[in-house]
Amino acid sequence: MFDDEEVERYARHLVLRDIGGPGQARLKAARVLIVGAGGLGAPLALYLAAAGVGTIGLLDDDAVALSNLQRQVLFATADVGRPKVEAGAEALRRLNPRVQVVALRQRLTARNARALVRDWDVVAEGSDNFDTRYAVSDACYYEKKPVVMGALGQFDGSLTTIRAHETGPDGTPNPTWRCLYPNQPPPDLVPTCAQAGVLGAAAGVIGSLMAVEVIRAVTGFGEGLVGRLLTVDLAAMRFRTLSYAWDPSNPLSGRRGG
């Protein structure tokens, strides 16, 4: 199952009771798609590669800018101007040559989202715009894929895991992203990172927490964030978890939805 080099590389996982050999084998076999190789996707990708996720997809159509380097730790100064997915794939292969990285230099839209998420076991959404966020979450519902959704503010962030294609222990459908946020906010209501600024280390905190949720989705340890939204306020150093539930009126899995 694992050769000597892998046993040494993943030794700290292998001795964890809730991961161990079976969990590490599931990580090795897993295919995880990261949508957005930016502030959240950068630390997320590094930790998934370090954890031994067998195949990682990096999906982004942007190039590395100097202003990215304050928080996007996947890249170096020499990468400025290069496609993010190409520079990111090289960095992940340097970190862990045992991981296969698929570089997808394109933009995810409502038209191509289902085709892009279809062949992956888990999707992690860390983009910086609402169009992509809703397209990914809707596509994952239809393609029956778990998706970890992360968002980042100036000194804060949030994340949740959506498994809307499944039901809870009581038989009630799990909530969709649209149960939490039914509609996209109006354009320009929420300022962009370039407009409002962002604490670089905040991206590392939220991206790392997303990695925990992805690893949990693959291995099954602990209690995940299905039906729970974790919010992190780093200015006040407060973590809160809010519960939310299936909305029968949501347009996907609601009584009149899909």
Side-chain angles (χ1 to χ4, degrees), residues 19 22-38 40-62 74 83-86 88-89 91-93 95-96 98-129 131-151 159-166 174 176-178 206-221 224-226 252-253 258:
I19 295 183
Q24 192 63 45
R26 286 192 286 271
L27 288 170
K28 184 176 180 178
R31 293 172 52 83
V32 177
L33 175 66
I34 299 173
V35 180
L40 297 178
L44 168 61
L46 286 168
Y47 272 111
L48 294 185
V53 170
T55 305
I56 298 173
L58 282 181
L59 193 155
D60 200 300
D61 67 342
D62 203 2
L74 188 58
K84 286 186 176 180
V85 295
E86 293 181 9
L92 297 182
R93 293 180 186 121
L95 175 62
N96 189 350
R98 298 302 186 96
V99 171
Q100 294 185 0
V101 186
V102 180
L104 301 166
R105 191 183 184 192
Q106 60 187 112
R107 190 171 189 83
L108 185 145
T109 67
R111 287 180 174 271
N112 64 14
R114 289 186 64 175
L116 287 171
V117 305
R118 186 170 295 149
D119 295 329
W120 301 89
D121 300 318
V122 181
V123 178
E125 204 292 317
S127 67
D128 59 357
N129 68 88
D131 287 343
T132 303
R133 207 165 293 168
Y134 278 84
V136 169
S137 60
D138 289 355
C140 286
Y141 167 73
Y142 288 117
E143 295 298 327
K144 297 179 170 55
K145 305 294 182 182
V147 55
V148 177
M149 307 284 294
L159 70 151
T160 189
T161 296
I162 307 291
R163 304 185 74 101
H165 56 290
E166 299 174 353
N174 285 334
T176 71
W177 176 253
R178 290 183 183 270
I206 304 301
S208 297
L209 289 171
M210 290 178 71
V212 172
E213 277 298 283
V214 171
I215 293 169
R216 190 196 318 277
V218 174
T219 63
F221 79 90
L225 287 174
V226 175
L252 295 177
S253 64

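Worth saying up front: this structure is predicted, and the values here are computed from it rather than measured.
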Quiz item: Which atoms form the tightest heavy-atom contact between Ala151 and Arg133, and what is the distance?
Solution: CB-NH1, 4.0 Å
Quiz item: Ala45 and Leu58: which non-hydrogen atoms are nearest, and at how many Å?
Solution: CB-CD2, 4.1 Å
Self-check item: Nearest non-hydrogen partners of Gly207 and Pro43, listed with the distance
Solution: CA-CG, 3.9 Å
Quiz item: Leu46 versus Leu74: any side-chain heavy-atom pair under 4.5 Å?
Solution: yes
Self-check item: Distance (rounded to the nearest 0.5 Å) between Ile215 CD1 and Leu44 CG
Solution: 9.0 Å
Self-check item: Pairwise salt bridge (Lys or Arg N to Asp or Glu O under 4.0 Å) hits with a residue in residues 206-215, at least two apart
Solution: Glu213-Arg216
Exercise. Begin from the C-alpha positions of Trp120 and Glu143 and carry the test side-chain contact (heavy atoms from CB on, under 4.5 Å) through to its verdict.
Key: CA-CA 10 Å; Trp120 301 89; Glu143 295 298 327; over 6 Å; no
Quiz item: Under the criterion side-chain contact (heavy atoms from CB on, under 4.5 Å), which of Val136, Leu108, Thr109 is the partner of Leu116?
Solution: Leu108
Quiz item: What is the minimum heavy-atom distance between Ala164 and Thr176, and which atoms define it?
Solution: CB-CG2, 3.5 Å
Self-check item: 4.5 Å side-chain heavy-atom contact, Val147 and Tyr141
Solution: no
Quiz item: Side-chain contact, heavy-atom cut-off 4.5 Å: Leu59 with Ile34?
Solution: no
Quiz item: Quick check: does any side chain N or O of Arg26 sit under 3.5 Å from a backbone N or O of Thr219, one acting as donor and the other as acceptor?
Solution: yes
Quiz item: side-chain contact (heavy atoms from CB on, under 4.5 Å) between Asn112 and Gln106: does it pass, once the steps are laid out?
Solution: CA-CA 10 Å; Asn112 64 14; Gln106 60 187 112; 3.9 Å; yes
Quiz item: With Leu159, which of Leu209, Leu40, Val212 fulfils side-chain contact (heavy atoms from CB on, under 4.5 Å)?
Solution: Leu209
Quiz item: Counting N and O atoms only, with roles assigned by atom type, does the side chain of Asp138 sit under 3.5 Å from a partner on the main chain of Ala135, one being a donor and the other an acceptor?
Solution: no
Self-check item: Spacing of CG belonging to Leu27 relative to CG belonging to Leu48, to within rounding of 0.5 Å
Solution: 8.5 Å
Quiz prompt | Atom pair CZ (Arg105) and NZ (Lys84), whose distance is rounded to the nearest 0.5 Å | solution = 11.0 Å
Quiz item: Between CZ of Arg93 and CD1 of Ile56, what distance do you get to the nearest 0.5 Å?
Solution: 10.5 Å
Quiz item: Under 3.5 Å, is there a donor-acceptor pair between the side chain of Glu166 and the main chain of Lys144?
Solution: no
Practice problem: May I ask you to decide if Val32's main-chain N or O and Asp121's side chain share a donor-acceptor pair within less than 3.5 Å? | Solution: no
Quiz item: Backbone N or O of Leu225 within a donor-acceptor pair of the Thr160 side chain at under 3.5 Å?
Solution: yes
Quiz item: Do Tyr47 and Met210 touch side chain to side chain, with heavy atoms closer than 4.5 Å?
Solution: no
Quiz item: To the nearest 0.5 Å, how far apart are CD1 in Ile162 and SG in Cys140?
Solution: 9.5 Å
Practice problem: Examine distances only and state if a side-chain atom of Arg163 and a backbone atom of Asn174 form a donor-acceptor pair shorter than 3.5 Å. | Solution: no
Quiz item: Are the side chain of Glu125 and the backbone N or O of Ser127 linked by a donor-acceptor pair below 3.5 Å?
Solution: yes
Quiz item: Short question: side chain of Asn96, backbone of Ala49 - any donor-acceptor pair under 3.5 Å?
Solution: yes
